[in-house]
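The structure appears below as structure tokens.
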Amino acid sequence: VRWHTLDRTEDAVANARDVLALEGAIGLDREYAIQGATFESAPWLGHAATHVYVWGYLPVLVAATAWLFLRHRDAYRTLRTALVVSGCLGLLVYAPLPVAPPWISDDRFTDTVSELSLEGFARPAGVMNELGAIPSFHCGWLTIAAVVVFGATRSRLVRVACVVYPAVMFFAVVVTGNHWIIDIPAGVALAALGVLVASRHEAAARHPATASTPG
């Protein structure tokens, strides 16, 4: 999908402007104000958000997946299926509808990832699809992990983290100029579909006779 959209930057920017127009119509076009206010009043918070965006995504997903695989195999299978399903659905959106992130679409935005020299980690060459802003996998996949881990653990502290951490990432993707605000509910909706399909799949696998009975 990345190579399919590689030369469609102009289309992606035009689509991003349509997204911004939609946000303006419903009062959500606050990305520039959020980034500007954050770095003006609390630069340390903006830098922290950048590190969360870079280091708090794939490493957290890998850790959650490994823990569930070792300790809660049923929950691991739910997570695995939800990631695969939502990932495929996301690619089906990215291919026909590339959307550029704010830092590509508008020179008012600061690319905080490159400012901190973290591009090599956040956007590995030949892998990262920079024109896939909608839906946000950062938001969607971390939401999936949070939901599945929340259901698997009995630790109150871990459950609190499962509620708080996705919200922290929601803030990070906007303040770093990597996603539009509307990308967040799009990512969460993708996560909900993934978890729904995965839960039904696992229920059918555990009770095949019941799942195949008419009615």
Heavy-atom closest contact (Ala75 atom, Ala152 atom, distance): CB-CB, 3.9 Å
Closest non-hydrogen atom pair, Cys139 against Thr143: O-OG1, 2.6 Å
Aromatic plane relationship, Tyr53 with His138 - under 30° parallel, 30 to 60° tilted, over 60° perpendicular: parallel
Shared hydrophobic cluster for Leu196 and Val84 (ILVMFWY, side-chain gaps under 4.5 Å): no
Only pairs under 3.5 Å count here: list side-chain donor-acceptor contacts from residues 24-37, not counting sequence neighbours, and write none if there are none.
| from | atom 1 | to | atom 2 | distance (Å) |
| --- | --- | --- | --- | --- |
| Glu31 | OE2 | Ile181 | N | 2.8 |
| Gln35 | OE1 | Thr110 | N | 3.0 |
| Gln35 | NE2 | Thr110 | O | 3.0 |
| Gln35 | NE2 | Val175 | O | 3.0 |

Heavy-atom pair of closest approach, residues Glu130 and Pro101: O-CD, 3.0 Å
Side chain to side chain, Arg159 and Val163, heavy atoms closer than 4.5 Å: no
Separation of Thr112 OG1 from His51 NE2 (nearest 0.5 Å): 9.5 Å
Nearest-0.5 Å distance, CD1 of residue Ile104 to CG of residue Leu131: 5.5 Å
Hphob cluster co-occupancy, Val149 + Tyr76, side-chain heavy atoms under 4.5 angstrom: yes
Results of side chain to side chain donor-acceptor pair (under 3.5 Å) for Thr9 - residues two or more places apart only: none
Spacing of CH2 belonging to Trp141 relative to OH belonging to Tyr57, to within rounding of 0.5 Å: 5.0 Å
Gly90 versus Pro135, closest heavy-atom pair with distance: CA-CG, 4.3 Å
Straight-line distance of Thr50 OG1 to Phe39 CZ, nearest 0.5 Å: 4.5 Å
Test: Arg73 cationic atom under 6.0 Å from Phe69 six-membered ring centre, within 45° of axis: yes
Residues Arg8 and Asn15: side-chain donor-acceptor under 3.5 angstrom: no
Non-hydrogen atoms of Ala82 and Val195 that approach each other most closely: CB-N, 3.9 Å
Derivation and outcome, side chain to side chain contact (heavy atoms under 4.5 Å, CB included), residues Val173 and Asp183: CA-CA 9 Å; Val173 300; Asp183 300 352; over 6 Å; no
Validation row: Phe170, Val188 side chains within 4.5 angstrom (heavy atoms): yes
From OG (Ser136) to CG (Leu142), nearest 0.5 Å: 8.5 Å
Where Glu202 and Thr78 come nearest, the two heavy atoms and their spacing: CG-OG1, 3.5 Å
Side-chain heavy atoms of Trp180 within contact of Leu22, under 4.5 Å: no
Steps toward side chain to side chain contact (heavy atoms under 4.5 Å, CB included) verdict (Ile184, His179): CA-CA 8 Å; Ile184 298 172; His179 285 281; 5.8 Å; no
Any Val1 side-chain heavy atom under 4.5 Å of Asn129 side chain: yes
Close side-chain approach of Leu190 to Phe137, heavy-atom, < 4.5 Å: yes
Close side-chain approach of His72 and Trp67, heavy atoms under 4.5 Å: yes
Rounded distance [0.5 Å steps], CG in Leu70 versus OG1 in Thr65: 10.5 Å
Joint hydrophobic cluster, Val54 plus Phe109, side-chain heavy atoms closer than 4.5 Å: no
Shared hydrophobic cluster, Trp103 / Met128 (ILVMFWY, side-chain heavy atoms < 4.5 Å): no
Hydrophobic cluster identity match, Leu193 and Leu97, side-chain contacts under 4.5 Å: no
Test item: Thr153 side-chain N/O and Phe150 main-chain N/O as donor-acceptor pair under 3.5 Å: no
